Amino acid sequence: MKKRTIHCNAIRIDHIDQVVTLNGWVHSRRDLGGVLFIDLRDREGRTQTVFDPSDVSSELFDQAASLHSESVVSVTGKVRRRPEGTDNTKIPTGEVEIMVQSMEVLNAADVLPFPVDDPETASKVNEELRLKYRYLDLRRPEMMRHLRLRSKVATATRVFMEEEGFLEVETPTLFKSTPEGAREFLVPSRLHPSQAYALPQSPQQFKQILMVSGVEKYFQLARCYRDEDLRADRQPEFTQVDIEMSFIDREDIYALIEGLMGRVWEAALGQTIPKSFRRITFDQAMNTYGIDKPDTRFGLEIHDFSEAFKESSFKVFSGTIQKGGVIKALNAKGLADVTQGQMEGLTQLAISQGAKGLAFIKVEGGEWKSPIVKFFSEQEKQTLQSTLEIEDGDLILFAADSWLPACEVLGRIRLRCAELLQQRGRLTIDPLRFDFLWVTDFPLLSFDKEMNRWYSSHHPFTAPVEEDVDLLASDPRSVRGQHYDLVVNGVELGGGSIRIHQPSVQRTIFEQVLQIPEDVIQARFGYMLDAFRYGCPPHGGIALGFDRLIAILCQTPSIRDVIAFPKTAKGTCLMTESPGSVDARQLRDLHIQWRQQPKSEG
RNA sequence: GGGGGCGUAGCUCAAUUGGUUAGAGCGCUGCCCUGUCACGGCAGAGGUUGCGGGUUCGAGCCCCGUCGCUCCCGCCA
């Protein structure tokens, strides 16, 4: 094989009269009978090659004429200026072409199952096919761009972390099951019958142990595994930028990540982002946006009207308030022309979130059209009018419930309304706008009504805010955690916390608050409590969803588009057909027997 | 576990809402074509309408089941 002397995208008029060799794929072929053009593509770009029957043998000409797209060839020829008027301004090499002298077919491709040369049609191809023939899908320039950008960001991250004094440390993939949190993938042990490893949901415990070890600054691009149902932004195996530091507080984490994001955006998009990010408390986020990961690129903010409707003759509202609930509303500006079907969709959305319905006011022709407005006093209407700045064409939507569900319902409604407004062209969002946000002061604990117990909102190693520690016993609900989330454009990009480093506080959380039995604590976390006794520095960290980060930078809604070999929504790989069956012998070695007979395979 | 969408030629989509022989563009095959770059022209092949049942004189279309892809809820400390 003749090796390439230059890449397809590098040839310019400077190379005229040079003899070059190109290695690559047949991108497209144009056979004009007397003259034949083949665009040759490699990872970097493409170049037009010319087969002229007066220059090449008829054998070579016929061979070239019969090549299918995506065949792999090595072509040697002389670079020359294209004849006047035949430049192709669409490609960087459009001023030159290669007069082919010789060609070697390295692999004659069959007819493809779907086109890879035309970005228009290729991007519309059924994802099922794209996943089955992933190697072809990845050949598309758009997908190659994603892979490159991912690699670039990974490198930028490593360089930045290195500069900041972090050590990249690998942690085990074969871990121990800790049945808190996400469902785990299990790996049965051959050497230890009836025992299993678990794949880590994250390196959480190891990175804290590394702090006890004195590493002080740790990071890792860590693979994590969670056996939960998939989504567009969730895969069973995914990558986190995992970070932990000692002798720091929350401000140090904010500053570090703001720096890292600045470096990443610069490397990936050449864009400068703010030096520091806006901060918002969990309560503010819920009150204003109805969600703990607000998209602040548009308004449609939620307002509280509990005070205004406290004495209302509309019993649904006043009654809710008397029971300790709240009245919330948002103005979907300019959405009064919502169709009946869309309004029904909004109502269903509210009901699916536990609301009993969705009260609304359509403001059209100077009139408030609504089944409930007749119950409102002038005073109440006036308050709505001034707070929500109601104008003709607006749609007002209400929630009446206890605080959290009321916020959450309108949070969902808000996002849906934004979609509807975008469809109507009344809301446009700059695709290169990125709203970074720290969400802080999360409640440390949440109460599980069914199980009648408290559980950690984040994880049990999260430290309480110092001035709230005394409330742990008396008023667990109001204890804030030293937890923070990084949110970009309504996407939760990462989260972390300052950890508990005193064994006594950790014991209080496990025993008194979470009420985990002593023997269970020992079995699951004994080694951590031990470690904390032997010189544990104060520490904290964060983990960023690397796949989500890349998806945001590539402006694609699904992380499958930025993972080379992703799984389907049912967790299968269509290319390798995994998961698959295993030999009886393998099962015997692992001391395992299926409870259900496997379906016979074709 | 639950709800929604999709499944027709290799690919992307039609099929007048249950009615003759399931069509188009691209791709593919053959022939023609010396400056194309979405090359062009002529001709042709290509279908178990995902699969299995049912209703009907008649099903791509309606019903039931099933498989696959996808979005969402639950779930994801």
Side-chain angles (χ1 to χ4, degrees), chain A residues 27-40 46-55 61 65-66 68-69 82-91 93-94 97 110-133 136 178-184 201-202 204-205 224-236 238 345 348-349 351-354 408 412 415-416 442 444-446 448 454-462 481 483 492 495 497 509 514 516 524 543 545 557-558 560 567-570 572 574 577 599 602:
Chain A
H27 186 73
S28 61
R29 203 186 64 218
R30 291 175 296 283
D31 186 350
L32 275 64
V35 64
L36 170 66
F37 300 101
I38 285 182
D39 280 4
L40 202 63
R46 58 191 228 237
T47 292
Q48 171 166 281
T49 64
V50 188
F51 293 75
D52 190 319
S54 57
D55 280 355
F61 191 90
S66 65
H68 283 145
S69 285
R82 288 196 186 196
E84 206 176 330
T86 63
D87 287 1
N88 182 358
T89 52
K90 291 179 192 163
I91 56 173
T93 58
E97 60 190 8
D110 279 354
V111 175
L112 303 174
F114 62 89
V116 303
D117 59 330
D118 180 6
E120 285 284 310
T121 51
S123 62
K124 283 197 286 186
V125 171
N126 191 347
E127 195 168 1
E128 199 171 343
L129 260 189
R130 292 175 49 204
L131 290 173
K132 181 170 178 188
Y133 301 96
L136 292 179
T178 48
E180 302 277 318
R183 190 180 297 116
E184 295 162 322
Q201 307 165 34
S202 77
Q204 181 63 37
Q205 296 175 41
C224 305
Y225 307 88
R226 295 181 188 172
D227 191 6
E228 297 289 350
D229 286 359
L230 282 65
R231 287 282 196 286
D233 61 351
R234 271 193 238 159
Q235 284 273 303
F238 60 100
Q348 285 307 319
L349 183 62
I351 287 170
S352 75
Q353 293 299 300
E408 284 173 339
R412 288 290 171 91
L415 292 175
R416 182 78 191 115
F442 285 83
L444 183 72
L445 301 158
S446 307
D448 184 333
W454 293 96
Y455 63 94
S456 300
S457 305
H458 182 47
H459 60 53
F461 314 113
T462 303
H483 171 99
E492 183 193 327
S497 62
I509 297 280
L514 302 178
I516 304 174
R524 288 185 201 165
S558 165
R560 289 189 300 274
K567 302 282 191 285
T568 69
K570 285 237 167 68
T572 65
L574 296 178
E577 297 185 313
K599 288 175 192 162

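Only this structure's heavy atoms are used, side chains among them; waters, hydrogens and symmetry mates stay out. Just so it is clear, the structure is predicted and the values come from calculations on it, not from any experiment. Proteins get letters first, then strands, A, B, ... in listed order; numbering begins at 1 in each.
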Sugar-phosphate only, base, or nothing, as touched by [X] at under 4.0 Å among non-hydrogen atoms:
{"X": "A:Pro113", "result": "sugar-phosphate"}
{"X": "A:Glu184", "result": "nothing"}
{"X": "A:Leu129", "result": "sugar-phosphate"}
{"X": "A:Arg412", "result": "sugar-phosphate"}
{"X": "A:Glu127", "result": "sugar-phosphate"}
{"X": "A:Leu574", "result": "sugar-phosphate"}
{"X": "A:Ser352", "result": "nothing"}

Candidate nucleotides [options], ranked by approach to the side chain of [X] - the nearest:
{"X": "A:Asp39", "options": "B:C37, B:C39, B:U70", "value": "B:C37"}
{"X": "A:Asp31", "options": "B:U12, B:C75, B:C33", "value": "B:C33"}
{"X": "A:Asn88", "options": "B:C37, B:C69, B:U70", "value": "B:C37"}
{"X": "A:Asn126", "options": "B:C37, B:C72, B:U12", "value": "B:U12"}
{"X": "A:Arg234", "options": "B:U12, B:C75, B:C72", "value": "B:C75"}

In whole angstrom, give the distance that lies between atom [atom1] of [X] and atom [atom2] of [N].
{"X": "A:Arg183", "N": "B:G74", "atom1": "CZ", "atom2": "P", "value": "15 Å"}
{"X": "A:Tyr225", "N": "B:C75", "atom1": "OH", "atom2": "P", "value": "26 Å"}
{"X": "A:Arg231", "N": "B:G4", "atom1": "CZ", "atom2": "P", "value": "16 Å"}
{"X": "A:His27", "N": "B:C37", "atom1": "NE2", "atom2": "C1'", "value": "10 Å"}
{"X": "A:Arg130", "N": "B:C11", "atom1": "CZ", "atom2": "C1'", "value": "13 Å"}
{"X": "A:Glu228", "N": "B:G2", "atom1": "CD", "atom2": "P", "value": "17 Å"}
{"X": "A:Lys570", "N": "B:C6", "atom1": "NZ", "atom2": "C1'", "value": "13 Å"}
{"X": "A:Glu128", "N": "B:C6", "atom1": "CD", "atom2": "P", "value": "16 Å"}

Counting C-beta onward and ignoring hydrogens, is there a side-chain heavy-atom pair between A:Thr572 and A:Glu577 closer than 4.5 Å? no
pair A:Asp227-A:Glu184: side-chain heavy atoms closer than 4.5 Å: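 With C-beta onward as the side chain, the pair stays apart.
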Here's a test of your reading of the structure: between A:Ser28 and A:Ala182, which maps to the more 5' nucleotide of RNA chain B?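 First, find each residue's nearest nucleotide; the 5'-ward one identifies A:Ser28.
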Hey, which sits more toward the 5' end of RNA chain B by its nearest nucleotide, A:Pro83 or A:Ser558? A:Pro83
Find the partner of B:G65: check Watson-Crick (N1-N3 plus N6-O4 or O6-N4) and G-U wobble (N1-O2, O6-N3) distances, both under 3.5 Å, and reply none if neither fits.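 Per the H-bond distance test, B:C51.
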Can you check whether A:Phe114 stacks with the B:C11 base, using ring centres under 5.5 Å and planes within 30°?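 Answer is no, no stack.
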Would you say the side chains of A:Gln48 and A:Arg30 form a donor-acceptor pair under 3.5 Å?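 There is such a pair (donor and acceptor under 3.5 Å, judged by atom type) between the side chains of A:Gln48 and A:Arg30.
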All ring-ring contact (aromatic ring centres under 6.0 Å, His included) counterparts of A:Phe51, not counting sequence neighbours: none
All N/O contacts under 3.5 Å from nucleotides 25-30 of chain B to the protein, with atom names and distances to one decimal?
residue	atom	partner	partner atom	Å
B:U29	OP1	A:His68	NE2	2.8

Answer yes or no: does a side-chain N or O of A:Thr47 lie under 4.0 Å from OP1 or OP2 of B:C37?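 Answer no for this pair, as no side-chain N or O of A:Thr47 is under 4.0 Å from OP1 or OP2.
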